[in-house]
Amino acid sequence: MNLLKTTAEYIQEKKLILPNQLVLAAFSAGRDSRVMLDVLYKLSQTLDFSVAVAHFNHQLRPEAQDELIFAQQVAKAYGIPFFSGTAQIGVLAKGKNLQEVARRERYAFLNHIARQIGADVVATAHHADDQAETVLLHLLRGAGLAGLAAMRPATEKVIRPLLFASQEDIAAYAVENRLSYCQDQSNFSTKYLRNRIRWQLLPALKDYNPQIVEALNATADICSEEDGLLDDMAENSLAELWLVEDTALSGADFDRLPRALQRRVLRKAFYMFAGEKAELSFAQTQAIIDLKDERSVALPGGTVAYRRGHIYFDRKVPPLPAFYENIPLTADDKWHCLANWGWRYRAVAGKLPNRLPRDTFWVTATEWPELCFRTRRPGDGVYSQGKTGKKKLKDLFIEAKLPGYMKNSWPLLIKAGEIIWVPFLYRRSANPPEDIILIKIAKDDIIR
């Protein structure tokens with residue numbers, strides 16, 4: 001492989017570096033970053049971009065100071081700007097994962113330098129074998145499409161211009177161009193999981209498939225493309241489901257989504273509610289999906305998600321609202337709000353249809369002045385159909401499996417203190433006269 005030519009094509013195909021941009025090359029002084037720096041330096045002259053070098057000293061090995069000096073010398077030989085940083089990773093990582101802390105501090109340094117010098121992108125020397133290791137690492141820990149997609153050619157401001165290249169390609173380039181570099185002996189220590197994957201698991205898998213690195217990279221590419229498609233679908237779904245004023249997701253529409261989209265929509269919704277550092281675990285996401293009405297789940301940052309028809313995000317679960325208005329009726333064939341109960345009605349004089357819909361009720365003009373809408377009160381009941389006595393309104397709601405959050409705002413039509421209509425659930429038995437007033441009712445969210 002002509003690594004220089006192929007890298008140029010890869011950069012242009014993926015639009016990793018544009019003309020006149022400044023690239024900050026992360027340079028550890030090892031072979032991979034040495035090759036990447038040489039390739040970028042040579043391509044900068046043909047693709048019209050600039051390169052600067054950044055080296056981070058983790059202070060974990062005695063030879064780290066020699067590597068810093070070597071990195072300075074290489075940058076000087078190329079005649080490009082050089083920046084260095086350091087941190088006592090061993091001290092910072094006490095009781096923590098050493099490699100994770102080192103990675104965090106290294107990227108914090110790189111991002112700081114990039115901002116300081118106005119670099120457009122930060123280049124790292126990850127290659128195809130690194131990608132294969134990452135896929136296996138995520139697979140061992142358990143991962144979805146995003147995890148199996150592993151590393152992308154570009155993630156925000158970080159680019160990986162050698163992600164397509166194998167170790168053999170990089171080693172051959174180093175030999176052909178007589179590039180000197182430092183060897184980090186900790187890369188051979190099998191006390192780290194990634195190194196065990198590199199030196200034990202991957203070689204073993206090559207006995208089953210000699211092309212395992214290529215196969216794992218192909219898997220990552222497929223997962224990356226499909227993850228991107230699902231992410232776009234989730235963004236579109238979120239835009240349709242998000243109720244801005246309520247900081248909630250439309251419950252009924254959410255329930256119709258496939259489970260794979262539900263998880264993504266929830267993570268995006270929580271990110272939008274709680275901010276850029278907000279992240280839901282798989283268990284928390286699943287707990288929100290499984291929420292029943294009037295149940296809640298604690299989330300990061302002192303927040304909660306609760307189900308009340310819709311899926312709400314808040315700092316705490318508010319009490320159910322109570323409504324005490326008595327609302328007189330207006331008959332003008334226009335829709336009228338029932339306060340803030342979430343319902344509307346309209347009434348008009350007319351004749352009884354052959355079949356009376358469940359959302360419609362009739363009254364006479366003479367009883368009209370006595371009518372009003374209200375919500376439930378203690379002791380409410382309705383006359384039993386075909387039976388003597390009354391049925392508790394509470395029992396009527398239970399038989400209808402009415403969600404708890406709806407009971408306080410369910411409208412009741414009252415005449416002289418008696419409930420004559422519970423929309424969709426009960427209406428009085430009586431023979432209507434020829435001329436009547438028809439009352440139609442609907443939830444606000446289904447008014448057209």
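For the pair His55 (side chain) and Phe27 (backbone), a donor-acceptor distance under 3.5 Å is present. Between the side chain of Asp293 and the main chain of Gly309, a donor-acceptor pair closer than 3.5 Å is present. Without hydrogens or angle criteria, Thr155 side chain to Val158 main chain gives no donor-acceptor distance under 3.5 Å.
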- Message: Under the criterion side-chain hydrogen bond (donor to acceptor under 3.5 Å, both in side chains), I'd like the reasoning laid out for Asp169 against Ser166: C-alpha separation, chi angles, the key distance, then a yes or no.
- Response: CA-CA 5 Å; Asp169 298 327; Ser166 68; 3.0 Å; yes

- Please test Leu4 against Asn2 for side-chain contact (heavy atoms from CB on, under 4.5 Å), starting from the C-alpha separation and ending with a verdict. CA-CA 6 Å; Leu4 196 64; Asn2 184 329; 3.7 Å; yes

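One side chain, Arg377 or Thr375, offers a donor N or O that lies under 3.5 Å from an acceptor on the other. Using a 3.5 Å distance cut-off with no hydrogens or angles, the side chains of Arg106 and His58 do pair a donor with an acceptor. Using modelled atom types and a 3.5 Å distance limit, the side chains of Arg194 and Thr134 yield a donor-acceptor pair. If you check the side chains of Ser281 and Gln284, you find a donor sitting under 3.5 Å from an acceptor.
Ring geometry, Phe361 versus Trp421: the interplanar angle falls under 30°, so the pair is classed parallel (tilted spans 30 to 60°).
A ring-centre distance under 6.0 Å is not found for Trp341 and Trp410. Taking the ring centroids of Trp199 and Phe188, they lie under the 6.0 Å cut-off.
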